[in-house]
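A quick write-up on the structure given underneath.
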2 protein chains.
Amino acid sequence: MAQTVLTEAEKDSLAVFTPRQNAVLETALRLLVEGGGGALTTARIARAANCSKESLYKWFGDRDGLLAAIITYQASKVRVPGTGPLPETAAAFREHLEQFASDLLTVLSGDVSLALNRLAIGQASRDDAHLGRLVLERGRRMIGQRAGVLLEAGRQRGFIRFDSRDAAFRTLYGLVIRDFHVRQLLGDTLLPEEADISAQAKSAIDQFFTLYGTGAETP
Amino acid sequence: MAQTVLTEAEKDSLAVFTPRQNAVLETALRLLVEGGGGALTTARIARAANCSKESLYKWFGDRDGLLAAIITYQASKVRVPGTGPLPETAAAFREHLEQFASDLLTVLSGDVSLALNRLAIGQASRDDAHLGRLVLERGRRMIGQRAGVLLEAGRQRGFIRFDSRDAAFRTLYGLVIRDFHVRQLLGDTLLPEEADISAQAKSAIDQFFTLYGTGAETP
DNA sequence: AAAAAGCCGAACCGTACGGTACGGTACGCA
DNA sequence: TGCGTACCGTACCGTACGGTTCGGCTTTTT
């Protein structure tokens, strides 16, 4: 048997479930988005995915295992975008930050993200918040990773200045997201101005540079 | 029958439910905090509150009405603190803002707030997000009201400058809360530095003044 | 005092869910 | 050809929940 070398990301995205199981999880995800957490019963999943409940329990153990598998599957689908060449100019760095903010707003307001977060939050009081920790771990990894690399690159090139990268990231997150996420989780409808994600991103990055800029970023 | 004059706030806080109903709702709130949304069944509430299910349905209609009543009851308990005399000096204004930020962090990380938000978010996909809108309306009113008065006072006295009071408030909210709220909703444990609420509040207000200050607030 | 109303505790009903068991079928393999 | 394995579809079971009904007790009203 040939031993192939896989990165961790590839192991995560390919080797966790069989294709058939992935198809079932995809169907479950669609059910979740369409009907909310209440629609995610084992019988409905089995019917919609053309599989048997027996197989569900054989593959995923119990309902909690199935929910965890759904989260893991969704995380394996999302690739971190735009981690390509790091910006070398101030303008490019600002552009990267705006793109990051825009991507973050887009992802968090997506149907799938909202449905999964609602599911995990709704069950956070049971199970020692098992699903919640899973969402945080899987969702935060790519966000924090990409933001960390970006912020560090900006600092080393003198575009921004900060003491704690973690604190700088949390400020960036707050400026970008504000109460956007929680309000959408609660089902609120957005203001017209909030629907313009790129404008929101640009405004937030402007404020971020006011707080953390060195002056080298405004020509 | 003597006609007494009540303010809207007094009507909200006193005249909505009878004392007996308030006691039942208080018990339901305790059950919710202790056991999460799943523990909030009609049978359990009736048993814990020493009342009958028949009374629950007579008073609140159905389960959704009961949940809505719990949210309304909790909102009626929370009084807006510190809306007393408006600050006349820059130092007092900064102090007021820090107190507001500290109160906001304290309230949002409280057991009751987290439990109610989890409940509303978990059901946001059903009922046209009825509970979610109720939480937003009842919870946002006092926060936005207090912050709006404070920001407007600061602007009129020249301590801060902004075009849109709404945008300024959302920025303030983002700087103070960051991902604090969502992470706690998901069951995350806070970092040691995040547990120091007053330090978090002070740091956030410093950043807020950097963005919106006029220079008149730093002597 | 009698009637009415409000309420409690418990029993009850229909439904829906999580989880299991069973018969039947397609496929890989010796 | 026969056997094992994996799977599907369905039926089934126990439980729990939302909601209703009923008998009996207490308080209020007339």
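All figures in this text were calculated on a predicted structure; none of them were measured in a lab.
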Legend entry - Position toward the 5' end of DNA chain C (nearest nucleotide), A/Leu40 or B/Cys51: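 Checking each residue's closest nucleotide, the 5'-ward one belongs to B/Cys51.
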
Over how many whole Å does the gap from [X] atom [atom1] to [N] atom [atom2] extend?
X: A/Arg47; N: D/dC8; atom1: CZ; atom2: C1'; result: 13 Å
X: B/Asp62; N: D/dG19; atom1: CG; atom2: P; result: 5 Å
X: B/Ile45; N: C/dC8; atom1: CD1; atom2: C1'; result: 16 Å
X: B/Arg20; N: C/dC7; atom1: CZ; atom2: P; result: 9 Å
X: B/Arg126; N: D/dG18; atom1: CZ; atom2: C1'; result: 11 Å

Enumerate the protein-to-nucleotides 4-6 of chain D contacts in which both atoms are nitrogen or oxygen and the separation is below 3.5 Å.
none

Inset, instruction - Let me see the working for B/Leu119 and B/Ile71 under side-chain contact (heavy atoms from CB on, under 4.5 Å), right down to the final yes or no. - result: CA-CA 10 Å; B/Leu119 179 66; B/Ile71 292 173; 5.6 Å; no

Inset, instruction - Any salt bridge (charged side-chain N to carboxylate O under 4.0 Å, His left out) involving residues 50-71 of chain A? Give me the pairs, sequence neighbours left out, ordered by first then second residue. - result: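 For residues 50-71 of chain A: none.
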
Inset, instruction - Can you run down the side chain to side chain donor-acceptor pair (under 3.5 Å) pairs that involve residues 25-45 of chain A, sequence neighbours left out, and say none if there aren't any? - result: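 Every side chain to side chain donor-acceptor pair (under 3.5 Å) pair that includes a residue of residues 25-45 of chain A, provided the two are not neighbours, is A/Glu26-A/Tyr73, A/Glu26-A/Lys77.
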
Sidechain N-carboxylate O distance under 4.0 Å for [X], [Y]:
X: A/Glu95; Y: A/Lys202; answer: no
X: A/Glu137; Y: A/Arg141; answer: yes
X: B/Arg133; Y: B/Asp127; answer: no

Inset, instruction - Please round to 10 degrees the angle between the axis of the first five pairs and the axis of the last five pairs in the helix from C/dA1-D/dT30 to C/dA30-D/dT1. - result: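 End-to-end axis angle for the helix from C/dA1-D/dT30 to C/dA30-D/dT1: 10°, rounded to 10°.
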
Legend entry - Phosphate OP1/OP2 of C/dC7 contacted by B/Ser55 side-chain N/O (<4.0 Å):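 No, B/Ser55 has no side-chain N/O under 4.0 Å of OP1/OP2 on C/dC7.
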
Legend entry - Between B/Gln207 and B/Tyr212: side-chain donor-acceptor atoms closer than 3.5 Å: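 Absent: no donor and acceptor within the cut-off.
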
Legend entry - A/Ser113 versus A/Asp111, side-chain donor and acceptor atoms under 3.5 Å: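 Side-chain D/A pair, A/Asp111 to A/Ser113: absent.
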
Legend entry - From CA spacing to verdict: salt bridge (charged side-chain N to carboxylate O under 4.0 Å, His left out), A/Asp206, A/Arg94: CA-CA 9 Å; A/Asp206 282 348; A/Arg94 178 185 286 262; 2.6 Å; yes

Taking only N/O atoms, report every protein-nucleotides 20-28 of chain C pair under 3.5 Å with atom names and distance.
unit_1	atom_1	unit_2	atom_2	d
C/dC22	N4	A/Glu54	OE1	2.7

Inset, instruction - Might you point out which heavy atoms bring A/Ile160 and A/Leu151 nearest each other, and give the distance in Å? - result: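 For A/Ile160 and A/Leu151, the tightest heavy-atom pair comes out as CD1-O, 3.6 Å.
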
Inset, instruction - Name all residues meeting the side chain to side chain contact (heavy atoms under 4.5 Å, CB included) criterion together with A/Gln200; count only those two or more places apart in sequence or in a different chain, and write none if there are none. - result: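 Partners of A/Gln200 under the side chain to side chain contact (heavy atoms under 4.5 Å, CB included) test: A/Leu105, A/Arg178.
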
